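Reviewing the structure listed below.
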Amino acid sequence: QVQLVESGGGLVQPGGSLRLSCSASGATLDYYAIGWFRRAPGKEREAVASISAPDSATDDNTYYADSVKGRFTISADNAKNTVYLQMDSLRPEDTAVYYCAAGGAYTYLTNTRRVEYWGQGTQVTVAS
């Protein structure tokens with residue numbers, strides 16, 4: 001059983017930056033792909049970024065949704081069992097609840113069906 005706890009959300013002006021953290025307990029993340037998802041008001045939960053497990057054979061260990069490419073960066077500190085999402089050049093349309101997720105059966109978490117474990121979510125609001 002993996003427990004995921006997000007932190008780092010808040011209110012930021014357009015063009016600003018935030019860094020979200022996802023701390024895991026209960027199991028090492030070495031064998032899980034980790035993803036960040038978000039759900040905006042009135043919309044379905046969508047994948048934002050994902051990073052593959054360290055033992056994955058893939059050459060490119062990250063996935064990004066087109067809407068965040070070049071602005072968001074996902075990274076992992078396996079020694080701390082923590083995954084980060086650096087969000088730069090934030091836009092009002094990035095406003096959502098952001099969720100950390102883990103799944104062991106896929107290289108990337110590109111949709112909710114691949115997720116085994118969810119965090120509780122953290123609110124990100126981009127407004128002036």
Side-chain angles (χ1 to χ4, degrees):
Q1 189 79 9
V2 179
Q3 291 82 45
L4 304 171
V5 178
E6 304 95 335
S7 61
L11 173 64
V12 64
Q13 292 186 342
S17 298
L18 280 176
R19 188 176 81 156
L20 304 183
S21 299
C22 173
S23 297
S25 61
T28 175
L29 294 182
D30 287 355
Y31 306 109
Y32 291 89
I34 304 299
W36 286 95
F37 289 71
R38 66 186 180 187
R39 180 162 58 195
K43 295 186 177 181
E44 295 186 353
R45 198 176 302 198
E46 62 175 358
V48 173
S50 182
I51 188 166
S52 58
D55 64 347
S56 172
T58 181
D59 291 332
D60 181 3
N61 70 334
T62 58
Y63 157 85
Y64 295 96
D66 288 343
S67 58
V68 306
K69 279 182 181 176
R71 301 189 298 121
F72 291 11
T73 304
I74 188 171
S75 61
D77 185 336
N78 293 97
K80 295 182 178 180
N81 229 26
T82 300
V83 174
Y84 304 97
L85 184 67
Q86 177 67 40
M87 304 186 295
D88 299 318
S89 301
L90 282 162
R91 305 167 180 168
E93 54 263 40
D94 295 317
T95 295
V97 178
Y98 284 71
Y99 299 88
C100 181
Y106 299 92
T107 301
Y108 307 117
L109 302 181
T110 57
N111 60 68
T112 59
R113 295 184 298 276
R114 297 185 174 192
V115 176
E116 296 178 61
Y117 304 102
W118 291 100
Q120 83 288 351
T122 185
Q123 176 70 46
V124 171
T125 302
V126 185
S128 54

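Everything numeric in this text was worked out from a predicted model, so none of it was measured.
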Task: Value rounded to 0.5 Å, distance of CG in Leu11 from CD in Gln123 - done: 9.5 Å
Task: Contacts of Tyr99 that satisfy ring-ring contact (aromatic ring centres under 6.0 Å, His included) - sequence neighbours left out - done: none
Open item on the list: Checking the side chain of Glu6 only, and the main-chain atoms of Leu20 only, is there a donor and an acceptor separated by less than 3.5 Å?
Closed with: no
- [ ] Would you kindly confirm whether Tyr64 and Leu18 end up in one hydrophobic cluster when ILVMFWY residues are joined by side chain heavy atoms under 4.5 Å apart?
- [x] yes
Task: salt bridge (Lys or Arg N to Asp or Glu O under 4.0 Å) partners for Lys69, two or more places apart - done: Asp66
- [ ] Determine whether Thr112 and Glu44 make a side-chain contact, defined as any pair of heavy atoms from C-beta on separated by less than 4.5 Å.
- [x] no
Open item on the list: Test your reading of the model: is there a side-chain donor-acceptor pair from Asp30 to the backbone of Asn78, 3.5 Å cut-off?
Closed with: no
Open item on the list: Please give me the minimum heavy-atom distance between Ser21 and Thr82, naming the atom from each residue.
Closed with: CB-CG2, 4.4 Å
Open item on the list: Under 4.5 Å between side-chain heavy atoms, counting indirect links through other Ile/Leu/Val/Met/Phe/Trp/Tyr residues: same cluster for Phe72 and Ile74 or not?
Closed with: yes
TODO: Output all residues satisfying salt bridge (Lys or Arg N to Asp or Glu O under 4.0 Å) with Glu46, sequence neighbours left out; order by chain, then residue number.
DONE: Arg38
Side-chain donor-acceptor pairs under 3.5 Å in residues 85-92, sequence neighbours left out?
from, atom 1, to, atom 2, distance (Å)
Gln86, NE2, Asp88, OD1, 2.9
Asp88, OD1, Ser17, OG, 2.7

Task: Of all pairs that satisfy ring-ring contact (aromatic ring centres under 6.0 Å, His included), the ones with a partner from residues 35-54, not counting sequence neighbours - done: Phe37-Trp118
Open item on the list: Hydrophobic cluster membership, with links at side-chain heavy-atom distances under 4.5 Å among I/L/V/M/F/W/Y: are Tyr84 and Leu29 in one?
Closed with: no
Open item on the list: Can a donor-acceptor pair be found, under 3.5 Å and without considering hydrogens, that links the side chain of Gln120 to the backbone of Val5?
Closed with: no
Task: Beyond-backbone contact of Glu93 with Val126, side-chain heavy atoms, under 4.5 angstrom - done: no
TODO: Please answer: with hydrophobic residues joined when any side-chain heavy atoms are less than 4.5 Å apart, are Ile51 and Val2 in the same cluster?
DONE: yes
TODO: Check whether Leu4 and Tyr32 end up in the same hydrophobic cluster, where Ile, Leu, Val, Met, Phe, Trp and Tyr are linked by side-chain heavy atoms less than 4.5 Å apart.
DONE: yes
TODO: Taking all non-hydrogen atoms of both residues into account, name the closest pair between Ala101 and Val115 and its distance.
DONE: CB-CG1, 3.6 Å
Task: side chain to side chain contact (heavy atoms under 4.5 Å, CB included) between Ile34 and Cys100, intermediate numbers included - done: CA-CA 7 Å; Ile34 304 299; Cys100 181; 4.0 Å; yes
Task: From CG (Leu109) to OH (Tyr117), nearest 0.5 Å - done: 12.5 Å
Task: Minimum heavy-atom distance between Ala65 and Ala47, given as atom pair plus value - done: CB-O, 3.5 Å
Open item on the list: Among residues at least two apart in sequence or on other chains, which ones pass salt bridge (Lys or Arg N to Asp or Glu O under 4.0 Å) with Arg19?
Closed with: none
